[in-house]
Chemist: 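Below is one structure. I have some questions about it.
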Amino acid sequence: MIKVNSLIKLLKKNNSTFFSGVPDSVLKELSFYLKNKKNHFIATSEGAAVSLGIGHYLSTKKIPCIYMQNSGLSNALNPLISIAHKNVYSIPLILIIGWRGSPRIKDEPQHNVKGKITEKILKLLGIKYTILRSNSDLKKFDAQIKNAKKNKSIVACLIEQDTLEKNNKKINKKDFFKVDKENFFKTLLETLDNKSKIISSTGYNSRELMFIREKYQLKKSKDFYMVGGMGHTSSVALGYSLSTNKKTICIDGDGSFLMHLGSIKTAGTFANKNFKYILLNNNTHDSVGGQSTYANNINFEKLSKSLGFKKFYSIKNNQNLKKNLKQFLSGNSLNFLEVRVSNSKIKKLPRPKDLIKIKNQFMK
Ligand SMILES: Cc1ncc(C[n+]2csc(CCOP(=O)(O)OP(=O)(O)O)c2C)c(N)n1
């Protein structure tokens with residue numbers, strides 16, 4: 001186990017005090033440490049975090065620290081390869097990568113695939129890395145950081161689940177908004193017709209939807225759970241909806257929405273009336289530790305309308321949920337619904353397991 005403080009001390013010693021990243025459950029202790037720190041900027045995607053770091057280096061000559069889950073390494077690849085790489089602009093960066101699905105740890109299918117190839121990706125990019133498991137590994141990492149600073153190259157560390165020691169500073173998972181998600185999902189599933197299809201985002205949304213369907217034995221409509229591909233829910237839903245008349249319900253989280261916000265413009269431009277977009281806004285990355293998304297002060301009415309949606313609906317409390325949902329679903333135009341939800345209250349949420357079966361049932 002490694003104390004977050006030891007890692008931070010090492011970074012400070014190397015004059016690395018700028019932090020940007022996308023939250024990850026493996027790195028949540030780091031998030032708790034960084035909360036409200038002056039030089040810490042939560043980014044909407046890992047590519048943006050790397051790019052913020054590149055900008056920081058250009059203005060300060062100091063090596064920045066970028067953190068992410070290994071699934072986000074793919075989002076980061078473009079600026080890592082096409083800007084920061086040694087053979088392009090040669091920008092020094094420190095990457096702290098949460099290693100889901102490492103070969104030593106049993107994990108979900110989507111994480112196992114990425115976990116197995118994470119080291120290979122780093123090697124392919126010529127990025128030196130240390131697997132941080134104990135304090136003695138910090139020494140090796142220190143030497144690699146010094147080298148990266150000297151050679152102006154990228155260096156990384158990989159951190160597995162339960163490596164970072166728990167500190168006492170927990171993020172208080174404050175509820176910004178009120179609508180109860182269990183009540184919302186139950187009402188939605190009771191309201192939909194049999195032919196409707198739901199495509200739901202990475203994070204708690206898919207897991208809650210699956211749980212509530214099972215708990216209340218609600219069989220109408222079919223789900224496709226986005227266990228990975230964070231931020232691409234609206235694009236998968238749009239692609240589905242364009243070749244069918246069936247109602248296609250996209251259920252997105254605010255973190256997921258912001259990760260690839262441009263996709264909502266594509267939906268606003270091309271979607272037909274059967275595309276029904278629902279944003280479950282809790283203002284947090286609830287499923288990876290409750291870090292803020294800063295989505296609470298977005299004016300979704302103005303945003304969605306300027307991106308091409310015709311009507312905006314908003315649900316802010318638990319009253320008249322069914323009536324409001326019905327209105328939104330039956331509306332005969334391209335509609336955007338923001339539901340201001342509280343954080344998940346369900347303990348021990350199950351995870352989708354048999355993904356091929358889920359896909360086949362969805363496609364029936
Ligand atoms: C590309 C990528 N980056 C990061 C993650 C880690 N991750 C999983 S869920 C999640 C938060 C999603 O936030 P939101 O859409 O608001 O849903 P909530 O967690 O609140 O249910 C993050 C950051 C991921 N799965 N994929």
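Counting starts at 1 for both ligands and their atoms, following the listed order. All heavy atoms count here, side chains included; hydrogens, waters and symmetry mates do not. This chain uses plain numbering: 1 for the first residue, then up along the sequence.
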Chemist: Taking 4.0 angstrom as the limit, do Lys215 and Glu182 come out as a salt bridge?
Modeler: yes

Chemist: Flag His285 as yes when one of its N or O atoms lies below 3.5 Å from any N or O atom of ligand 1, and as no otherwise.
Modeler: no

Chemist: Report the residue from Ser71, Ser102, Ser74 that forms a side-chain hydrogen bond (donor to acceptor under 3.5 Å, both in side chains) with Lys114.
Modeler: Ser74

Chemist: Using a 4.0 Å cut-off to any heavy atom of Pro23, which atoms of ligand 1 qualify?
Modeler: 6 (C), 23 (C)

Chemist: Counting heavy atoms only, which of Ser344, Ser74, Gly255 comes nearest to atom 14 (P) of ligand 1?
Modeler: Gly255

Chemist: What protein heavy atom is closest to atom 17 (O) of ligand 1, reported as residue, atom name and distance in Å?
Modeler: Thr202 O, 4.2 Å

Chemist: If you measure every N or O of Ser71 against every N or O of ligand 1, does any of those distances drop under 3.5 Å?
Modeler: yes

Chemist: Under 3.5 Å, side chain of Ser59 to main-chain N/O of Tyr57, donor-acceptor pair present?
Modeler: no

Chemist: Should the pair Glu108-Arg100 be classified as a salt bridge under the 4.0 Å nitrogen-to-oxygen rule?
Modeler: no

Chemist: Does the residue Asp24 have a heavy-atom contact with ligand 1, meaning some pair of atoms that are separated by less than 4.0 Å?
Modeler: no

Chemist: Does Asn75 reach ligand 1 with a nitrogen or oxygen that is under 3.5 Å from one of the ligand's nitrogen or oxygen atoms?
Modeler: no

Chemist: Which atoms of ligand 1 sit under 4.0 Å from any heavy atom of Tyr204?
Modeler: 21 (O)

Chemist: Can you sort out which atoms of ligand 1 are near Asp254, meaning under 4.0 Å from one of its heavy atoms?
Modeler: 15 (O), 16 (O)

Chemist: Among protein heavy atoms, which lies nearest atom 15 (O) of ligand 1, and at what distance?
Modeler: Ser256 N, 2.9 Å

Chemist: Heavy atoms only: which of Arg100, Met230, Glu208 lies closest to atom 22 (C) of ligand 1?
Modeler: Met230

Chemist: Can you find an N/O atom of Asn282 closer than 3.5 Å to an N/O atom of ligand 1?
Modeler: yes

Chemist: Can you confirm if the NZ or CZ of Lys197 lies within 45° of the ring axis of Phe362 and under 6.0 Å from the centre of its six-membered ring?
Modeler: yes

Chemist: Which pair of heavy atoms, one from Leu334 and one from Asn272, lies closest together, and at what distance?
Modeler: CD1-O, 3.7 Å

Chemist: Out of Ser287, Gly72, Gly203, whose heavy atom sits nearest atom 19 (O) of ligand 1?
Modeler: Ser287

Chemist: In plain terms, say whether Asp175 and Lys345 are close enough for a salt bridge, that is, a side-chain N and a carboxylate O under 4.0 Å apart.
Modeler: yes

Chemist: Would you call Asp142 and Lys146 a salt bridge, taking side-chain N to carboxylate O under 4.0 Å as the test?
Modeler: yes

Chemist: Closest by any non-hydrogen atom to atom 8 (C) of ligand 1: pick that one out of Val288, Asp252, Asp286.
Modeler: Val288

Chemist: Whether Lys37 engages the ring of Tyr33 as a cation-pi pair (distance to the six-membered ring centre under 6.0 angstrom, angle to the ring normal within 45°) should be assessed.
Modeler: yes

Chemist: Which residue owns the protein heavy atom closest to atom 6 (C) of ligand 1, what's the atom, and how far is it?
Modeler: Gln69 NE2, 3.4 Å

Chemist: Please state which protein non-hydrogen atom is closest to atom 3 (N) of ligand 1 and give its distance, to 0.1 Å?
Modeler: Glu46 OE2, 2.6 Å

Chemist: Is it true that Glu190 and Lys220 make a salt bridge, defined as a side-chain N closer than 4.0 Å to a carboxylate O?
Modeler: no

Chemist: Between Thr293 and ligand 1, is there a nitrogen or oxygen pair with a distance under 3.5 Å?
Modeler: no

